[in-house]
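Worksheet for the structure shown next.
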Amino acid sequence: MLFDNHNRPITYLRLAVTDRCNLRCFYCMPETGIKYLPKQQLLTYEEMERLVAVLARMGVSKLRLTGGEPFVRAGLMGFLERLSVIPGLDELHMTTNGVLTAPHVADMARLGVKSVNLSLDSLDRARFHQITRRDELPAVLNTLDELLAHNIRVKINAVVMDGQNIGDLYALAELARNQPIDVRFIEEMPFNGEGSHYPILTWTHQRILGELRSFYPDLQPRPSAPHATATTWQAPDHVGTMGIIAAYTRTFCGSCNRIRLTAQGSLKTCLYDNGVLDVRALLRSGATDADLTAAFLKAFAHRPATGFEAEALRPEVTESMSTIGG
Ligand code: SAM
């Protein structure tokens, strides 16, 4: 097992395969003027595959592909196929906005994708359009149907945004009534690509829970998986569950088992850090697998205890979540 300097196991890698996205969610990216990385600055699939294999040998057993939007990168399914046979990698997961995903769901099921986080902030077509700046709700709902039809576990991720989608929370929560879906409500974070943020978060995890209780007075807590970021809740007559992710309040750092690689090959040992290792530079300067392992171990031995500590060690957050992957 791989441990960090705070004795937390590191078992989970989130890999952003691209910084590009086909939506423009206002809380994540500006509408225009986005500077995407030139292709040669992105890790190639071969480089990513090698890094995943090295990390799997070190003890990482769970991988999530994210982005940007992973399905906008050509060749994604071929990459997934190669990842699916890496020894030691027990779990493959994906995060997607669902716009381009539906045609690939059968292959995802065949390759053993264990769960998909589907980002969906509103079930109202006009509001979805307003939030994402694209009119793509029907495509996303088609992906949801495909995932359920192929028995891939689905978690819906909805960012809770003051003055934007509060009126949509009930309809989203109701998705769990008759379907085995985990609907997770996420505190908004400062990664909007513009470096501006509410001075005080208005929709904290406590307030979100209060809102869910107003819909379902008999809401019951449910056990969460080890290392989960969400607290889990269930209404008595629901098949699925609801979750609340205190992503801004950061209540779960003590059990954090995750590391991130951005599309340009920057290692993040905390969502809130500024990148702690330039893995792309190491790869492209001819590092051996032993060199990579040693560099990873050094980074894991200096992991901040909390997201607040990581944030305090860096300049102001100005990047978009699309460069990190969520
Ligand atoms: N394109 C994919 C998708 O939409 O799921 C993967 C990348 S996206 C950046 C991953 C997740 O980050 C999405 O669920 C999105 O809603 C969330 N996200 C982006 N910006 C955020 C912010 N400022 N606060 C909270 N969550 C955010």
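Along the sequence shown, residues carry numbers from 1. This one's a predicted model, so the numbers in the text were calculated from it and none came from an experiment. Order of appearance sets the numbers: ligands from 1, and atoms from 1 within every ligand.
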Identify all side-chain donor-acceptor contacts of residues 54-63 below 3.5 Å with residues at least two apart in sequence or on another chain.
unit_1 : atom_1 : unit_2 : atom_2 : d
Arg57  : NH2    : Asp289 : OD2    : 2.8

Donor-acceptor list for residues 67-76 side chains, cut-off 3.5 Å, not counting sequence neighbours:
unit_1 : atom_1 : unit_2 : atom_2 : d
Glu69  : OE1    : Thr96  : OG1    : 3.4
Glu69  : OE1    : Asn97  : N      : 2.8
Glu69  : OE1    : Asn97  : ND2    : 3.4
Glu69  : OE2    : Phe71  : N      : 3.3
Glu69  : OE2    : Thr96  : OG1    : 2.7
Arg73  : NH1    : Val17  : O      : 2.8
Arg73  : NH1    : Leu43  : O      : 3.0
Arg73  : NH2    : Leu43  : O      : 3.0

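Rounding to the nearest 0.5 Å places CD1 of Ile181 at 4.0 Å from CD of Gln179.
For Tyr45, the ring-ring contact (aromatic ring centres under 6.0 Å, His included) partners two or more places apart in sequence, or in a different chain, are Phe79.
The closest side-chain donor-acceptor pair between Thr95 and Arg64 falls under 3.5 angstrom.
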Output block, N or O contacts of ligand 1, threshold 3.5 Å exclusive:
unit_1   : atom_1 : unit_2 : atom_2 : d
ligand 1 : 1 (N)  : Gly68  : O      : 2.9
ligand 1 : 1 (N)  : Glu69  : OE1    : 3.0
ligand 1 : 4 (O)  : Ser119 : OG     : 3.2
ligand 1 : 5 (O)  : Thr96  : O      : 3.3
ligand 1 : 5 (O)  : Ser119 : OG     : 2.5
ligand 1 : 14 (O) : Ser119 : OG     : 2.7
ligand 1 : 16 (O) : Tyr27  : OH     : 3.0
ligand 1 : 23 (N) : Tyr27  : O      : 2.9
ligand 1 : 23 (N) : Met189 : O      : 2.9
ligand 1 : 24 (N) : Met189 : N      : 2.8

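Checked by atom type and distance alone, the side chain of Glu146 never pairs as donor or acceptor with a backbone atom of His150 at under 3.5 Å.
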